[in-house]
Amino acid sequence: MRDAQDGRGDAYADLLVLLTAVSRRYVLSRLGRAPWVEDVVQETLLSVHVARHTYDRHRPFAPWFYAILKSRLIDAVRRERRTAGREIAGQGLPEPSSTESTVGDEIDVEAIRRALASLPERHRQVIHGLKYRDESVRDVAGRLGLSEAAVKVTAHRGYRMLKRLLGGR
Amino acid sequence: VKTEDLIAKLSAESVPVAVLPPAVHRLARWAAWSAPAVVLFVLAAGPRADLMRQLASRPFLLSLGAIVGLMTASAYAALTSTVPNDERSPTSRFVPIVVLATWGGVLLAKLAGNEGVLTGLRSDSGHMACALQISLMALVPAVILLREARAGASVEPGRTGVLVIMAAASAGAVGAALICPIDQSAHQLLWHFLPVVSLAACGPAAGHRWLGRFDRA
């Protein structure tokens, strides 16, 4: 890390490779094989990068690094819980109305598409990104120049509008 | 993004970085910029008429010492909290809370001993000016301390925000103690102590807004 602080890219790359392995092992041991383990690892690497000037070279490196790793892990777990809670509670696209043309239990895709087309543009862009292009909130926020919070709020309002348009369920 | 690509990108961006100075140095820098701002405000507003006599009075000095202690402890804790792992030190975690509780506790005890808490609080005629002065005097110290805190990397931006605002509001309370001639405990509690606590309650929002360095990563 001392070399990395001095701007030695090769030493820094070696360090990041080592930290990747350590982070992955640590996260796997706590989360099991969650699909977002690699996200936590990458966020940890980014955090180490933006915080590398705060490391005091006269002190041990491990406590500094693990403090970052733990905080990124906790943030990720909280974020996933929030997302999971929202998706189970109300973010799923509404079921089609029984008055609309459906085949068995299938969703009336055409009705949803029409309802989506009638939403305000910003709401449509956010929902399209999240649900059709399968982008993360962060990706949509970056693409549309919004904050992550704004994307979540816009998506939530869009889902409510869709729900009303599709029969209020 | 693949992790290997991220490593390649980050290591390619590697440039020499200026290591963050120790918290004590940053604290001294904050005090050096904030103190003149508070002193100027006190001089502009006019210090209390009996200030010189009060500076020789033990109760006044103890009270002032508690506020200065809260200011220093909060600012130091705010700055240490911007270094990963240092935010876990007991000094950083508990000293500001203990000093704050001591200040509030002493005021409450004095109030209870004199006229009773409720009677004392009811008899206060309301002095919004003190709360306003504290808020105004806190502005410059808050901006400077936020800047110092942003130079680090807080793993708990909400807590750092509370500590930053508490330190700045305490700096305002130090100035208010030099201006305000009312020494009654009820007044001190309602219009000096509570504004500091209320302002500090805005800290999490400020912290997440301006100190979430990792969120911007």
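Every chain is numbered from 1, with letters handed out A, B, ... down the list of sequences.
Around CD of A:E121, the count of heavy atoms belonging to other residues, nucleotides or ligands within 6.0 Å does not exceed 12. A 6.0 Å sphere centred on CZ of B:R88 holds no more than 12 heavy atoms belonging to other residues, nucleotides or ligands. The environment of CH2 in B:W33 is sparse: at most 12 heavy-atom neighbours from other residues, nucleotides or ligands sit within 6.0 Å. More than 12 heavy atoms of other residues, nucleotides or ligands sit less than 6.0 Å from atom CZ of B:R48. A 6.0 Å sphere centred on CZ of A:R124 holds more than 12 heavy atoms belonging to other residues, nucleotides or ligands.
Taking both residues in full, the closest heavy atoms of B:V155 and A:A67 are given as CG1-O, 4.4 Å, listed atom of the first, atom of the second, then distance. Contact between A:P63 and B:N85 at its shortest, heavy atoms only, is CB-ND2, 3.2 Å. In terms of heavy atoms, A:T54 sits closest to B:P84 at OG1-CD, 3.4 Å.
A:R2 does not touch chain B: none of its heavy atoms, backbone or side chain, sits under 4.5 Å away. Contacts of B:E156 with chain A are absent, with no heavy-atom separation under 4.5 Å from either backbone or side chain. Contacts between A:Y55 and chain B at a heavy-atom distance below 4.5 Å involve the backbone alone (N, CA, C, O). Of the two parts of A:A13, the backbone and the side chain both hold a non-hydrogen atom closer than 4.5 Å to a non-hydrogen atom of chain B. The part of B:A18 that comes within reach of chain A is its backbone (N, CA, C, O), which places non-hydrogen atoms under 4.5 angstrom from that chain. Residue contact with chain B, scored on non-hydrogen atoms closer than 4.5 Å, involves the side chain of A:R59 exclusively. For a residue to count as touching a neighbouring chain, one of its non-hydrogen atoms must lie under 4.5 Å from one of that chain's; by this rule B:I7 touches chain A with backbone and side chain alike.
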* To do: For the pair B:V19 and A:D56, evaluate side-chain contact (heavy atoms from CB on, under 4.5 Å) and give the outcome as yes or no after the intermediate values.
  => CA-CA 7 Å; B:V19 176; A:D56 181 346; 5.9 Å; no
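The shortest side-chain heavy-atom distance between A:D6 and B:P16 does not fall under the 4.5 Å cut-off. Annotation: side chain of B:S11 is not in contact with side chain of A:D10 (no heavy-atom distance under 4.5 Å). At a threshold of 4.5 Å between non-hydrogen side-chain atoms, the residues B:L6 and A:L46 count as touching.
The residue among B:E4, B:K9, B:E87, B:E13 with the most heavy atom pairs within less than 4.5 Å of chain A is B:E13. Considering only heavy-atom pairs separated by less than 4.5 Å from chain B, the leading option among A:R57, A:R52, A:K70 is A:R52.
Checked by atom type and distance alone, the side chain of A:H53 pairs as donor or acceptor with a backbone atom of B:A151 at under 3.5 Å.
For the residue pair B:T3 / A:E38, a side-chain donor-acceptor distance below 3.5 Å is found, with atom types taken as modelled.
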